[in-house]
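Here is the structure we will look at, set down as structure tokens.
When reading the values below, keep in mind they use all heavy atoms of this one structure, side chains included, and skip hydrogens, waters and symmetry mates. Computed from a prediction, not measured in an experiment: that's the story for all the values here.
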Amino acid sequence: MRSTGIRRTLVALSVCSLALAASACGSDGDSASGKTRITVNCEPPKSAKVDRKFFEDDIASFEKKNTDIDVVAHDAFPCEDPKTFDAKLAGGQMEDVFYTYFTDVKHVVDTGQAADISSYVKELKSYDTLQQQLRDIYTVDGKIYGIPRTGYSMGLIYNKKLFAQAGLDLEKPPATWEEVRADAKKIAGLGNGTVGYADYSAQNQGGWHFTAELYSQGGDVVSADGKKAIVDTPEGHAVLQNLHDMRWTDNSMGSKQLLVINDVQQLMGSGKLGMYLSAPDNIPILVKEKGGNYQDLAIAPMPGGKGTLIGGDGYMFNKKATPEQIRAGLKWLDHMFLTPGKGFLGDYARAKQNNAPVGLPEPRLFTGAADAKDQEVKKANANVPVENYQSFLDGNQALQMKIEPPNAQQIYSVLDGAVSAVLTKKDADIDQLLKDASGKIDGILARG
């Protein structure tokens, strides 16, 4: 799954419509003027006026700097639509430089639709400054097929105002699932419809969070060789038992279940929820769209202390792209996204001037001097309470960062059933749920 807002303001992302002819997505590389022409996607739609202007301005400045390159951007909503992505891929209709979630990489490579850019990445100025674990996601069988653009990791968003009302220590958010349970019970005890802890349990989102919670306890969904499910374990049992007990023994999760992300965000934004799992990019959505307050919203590392789920996105290159187009695309990525403190995602001064939040702890793409520069510029322009995110930054240093499992959406659909069962049926048989889920996941993995 992706998180909810990889940009500062909203999920204003794009995909080239299937209604367009194939030539409208990929290009022949030559414009009428003899320039190298590249098509790219993920331009914010016109409805996202500020982001759209930023994107257009950055392309214009790139073309002014690189007069031999012509960039044609495609927009729609979202950047990658699961309903059309595979059809575009199979039909050879992808842009020359196209957006992908981390979980897509192997699938795109397996379909034979991605260009091997291994011999070109040395021309990407920023490549060696990017986090190795993110670069590795776009490396398959020793070959490089793409470039990461953003990354996120899951944590625990909590409401400081409710913590204070419940007599909890604002500076010591729960670090274990036992502490989450205890704190959630105290928050729910405030009454007036207050929910201590909420979780997703529908539309594959329950399976996504089950995976994150399993990682946090040191477990995994799939074996290292990708062939067998390993959810029917003590760690998997602990995840479901904890949810069951908070729901039915403590009554700290509220009576309404089968929630999805918008439901939980609405609860948190309205001040009726103590905690839920998410990435930092949820915070601006809670404020701008759901009525929350930056001062009240903080984020801590994943409880459990073992690991956290990471995700994100990047760009891959059409297998039909010419060497000139690949080189042009890499230059464009450097300019747009991969220069610390500059570009569409990194121009913090511009974001601040336009009242976009600056100072959230993620995405954190770079390492070394590049990371230091990015953080310096971000800190200088921060307009949100950065102290609310420090425990998240500190705690993440000790966690194992783990990407989503293969065949993630199919697996999440299976795990949705287990999560929803324990939250809607007091007598749910956890052992049987995990056994059934394990068998179904084995079937998915066997089919590839």
Please report the C-alpha distance between Q265 and N282 in whole Å, then the side-chain angles of each, then the deciding distance to 0.1 Å, and finally whether the side chain to side chain donor-acceptor pair (under 3.5 Å) criterion is met. CA-CA 8 Å; Q265 288 176 337; N282 261 221; 3.2 Å; yes
Begin from the C-alpha positions of Q266 and N262 and carry the test side chain to side chain donor-acceptor pair (under 3.5 Å) through to its verdict. CA-CA 6 Å; Q266 195 65 50; N262 185 62; 5.1 Å; no
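- A distance-only check finds a donor-acceptor pair linking the side chain of D416 to the backbone of G207 [under 3.5 Å].
- In this structure, the side chains of F62 and V71 come closer than 4.5 Å at one or more pairs of heavy atoms.
- Within a 6.0 Å radius of NZ in K402, more than 12 heavy atoms belonging to other residues, nucleotides or ligands are found.
- Note: K161 NZ to I187 CD1 = 14.0 Å, rounded to the nearest 0.5 Å.
- Between D313 and R149, at least one side-chain N (NZ, or NE/NH1/NH2) sits under 4.0 Å from a carboxylate O, which counts as a salt bridge.
- Within the 3.5 Å criterion, the main-chain N or O of G292 finds no donor-acceptor partner in the side chain of D296.
- The CG atom of D334 sits 10.0 Å away from the CG atom of N66 when rounded to the nearest 0.5 Å.
- In this structure, the side chain of S216 engages the main chain of E213 through a donor-acceptor pair within 3.5 Å.
- A donor-acceptor distance shorter than 3.5 angstrom exists from the side chain of D263 to the backbone of V260, with no hydrogens or angles considered.
- We find the OH-CD distance between Y412 and Q205 to be 11.5 Å, quoted to the nearest 0.5 Å.
- Side-chain N or O atoms of Q257 include one that pairs as donor or acceptor with a backbone N or O of M253 at under 3.5 Å.
- Counting non-hydrogen atoms of other residues, nucleotides and ligands closer than 6.0 Å to NZ of K290 gives a total above 12.
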Could you walk me through whether H335 and S61 satisfy the side chain to side chain donor-acceptor pair (under 3.5 Å) test, starting with their C-alpha distance in whole Å, then the side-chain angles of each, then the deciding distance to 0.1 Å, before giving a yes or no? CA-CA 9 Å; H335 180 87; S61 65; 2.8 Å; yes
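- Taking the six-membered ring for Trp, F163 and Y158 have ring centres closer than 6.0 Å.
- A salt bridge links D75 with R52: the closest approach of a Lys/Arg side-chain nitrogen to an acidic carboxylate oxygen falls below 4.0 angstrom.
- With hydrogens and angles disregarded, a donor-acceptor distance shorter than 3.5 Å links the side chain of K272 to the backbone of N192.
- Both the sub-6.0 Å distance and the 45° axial angle are satisfied by R135 relative to the ring of Y127.
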Go through D220 and K306 one step at a time and tell me if the salt bridge (charged side-chain N to carboxylate O under 4.0 Å, His left out) criterion holds. CA-CA 11 Å; D220 214 330; K306 300 289 182 63; over 6 Å; no
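- When all heavy atoms of Q325 and A321 are compared, the pair lying nearest together is OE1-CA, 3.4 Å.
- Nearest heavy atom pair, residue V108 against residue M316, reads CG1-CE, 3.8 Å.
- The closest side-chain heavy-atom distance from T211 to L415 is below 4.5 Å.
- Between W208 atom CH2 and Y200 atom OH the span is 5.5 Å, to the nearest 0.5 Å.
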Do D183 and M275 pass the side chain to side chain contact (heavy atoms under 4.5 Å, CB included) test, and can you show the C-alpha distance, the side-chain angles, and the key distance before you say yes or no? CA-CA 9 Å; D183 289 357; M275 299 172 279; 4.1 Å; yes
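- Between the CG atom in L338 and the OG1 atom in T150 there is a gap of 10.5 Å [rounded to 0.5 Å].
- No more than 12 heavy atoms of other residues, nucleotides or ligands shown are found within 6.0 angstrom of NZ on K64.
- What you find for A300 and S391 is that their closest heavy atoms are CA-OG, 3.6 Å.
- Only one option out of F98, W332, Y145 pairs with Y315 in a ring-ring contact (aromatic ring centres under 6.0 Å, His included); it is W332.
- For the side-chain hydrogen bond (donor to acceptor under 3.5 Å, both in side chains) condition, the pairs that include at least one residue of residues 357-369, sequence neighbours left out, are S153-E362, R364-D371.
- The shortest side-chain heavy-atom distance between I147 and I117 falls under the 4.5 Å cut-off.
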Evaluate side chain to side chain donor-acceptor pair (under 3.5 Å) for D199 paired with H209, printing each intermediate quantity in order. CA-CA 8 Å; D199 217 338; H209 271 204; 2.7 Å; yes
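- The side-chain heavy atoms of T176 and P303, taken from C-beta on, include no pair separated by under 4.5 Å.
- Applying the 6.0 Å contact sphere to CG of D141 captures no more than 12 heavy atoms from other residues, nucleotides or ligands.
- Residues V222 and I411 meet the side-chain proximity criterion, which asks for heavy atoms closer than 4.5 Å.
- A cation-pi contact links R350 to F54, judged by a cut-off of 6.0 Å to the six-membered ring centre and 45° from its axis.
- When side chains are defined from C-beta on, M302 does not count as touching L156, because their heavy atoms never get closer than 4.5 Å.
- Under the 4.0 Å criterion applied to side-chain N and carboxylate O atoms, D81 and K83 are assigned as salt-bridge partners.
- The distance from atom NZ of K125 to atom CG of L333, rounded to the nearest 0.5 Å, is 13.5 Å.
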With side chain to side chain contact (heavy atoms under 4.5 Å, CB included) as the criterion, how do E95 and N41 come out once you've worked through the C-alpha distance, each side chain's angles and the decisive distance to 0.1 Å? CA-CA 7 Å; E95 287 79 5; N41 65 0; 3.3 Å; yes
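- Under the 4.5 Å side-chain criterion, counting only non-hydrogen atoms from C-beta, I59 is not in contact with E56.
- Comment: R37 does not engage E324 in a salt bridge, judged by the lack of any side-chain N to carboxylate O separation of less than 4.0 angstrom.
- Nearest heavy atoms, M268 versus G274: CE-O, 3.7 Å.
- A donor-acceptor pair under 3.5 Å is formed between the side chain of N159 and the backbone N or O of L162.
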Run the side chain to side chain contact (heavy atoms under 4.5 Å, CB included) test on K186 and L168 for me, step by step, so that the C-alpha distance in whole Å, both residues' side-chain angles and the decisive distance to 0.1 Å come before the verdict. CA-CA 8 Å; K186 289 182 179 179; L168 300 171; 3.6 Å; yes
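- Under a 3.5 Å cut-off, the side chain of N383 and the backbone N or O of V358 do form a donor-acceptor pair.
- If you look at F317 and Y120, their ring centroids are not closer than 6.0 Å.
- Between the side chain of D104 and the backbone N or O of Y101, at least one donor-acceptor pair lies under 3.5 Å.
- Proximity of a side-chain donor or acceptor of K378 to a complementary backbone N or O of L360 within less than 3.5 Å is detected.
- No side-chain heavy atom of Y99 sits under 4.5 Å from any side-chain heavy atom of F85.
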Quick one: do I326 and L330 satisfy side chain to side chain contact (heavy atoms under 4.5 Å, CB included)? Show the steps, please. CA-CA 6 Å; I326 292 173; L330 290 171; 4.2 Å; yes
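- Here the shortest heavy-atom pairing between V422 and R247 reads O-CG, 4.4 Å.
- Side-chain atoms of H74 and E43 form no donor-acceptor pair, as typed in the model, at a separation below 3.5 Å.
- The nearest pair of heavy atoms linking D374 to G341 is OD1-N, 3.2 Å.
- Ring centroids of F55 and F344 are separated by less than 6.0 Å, placing the two rings close together.
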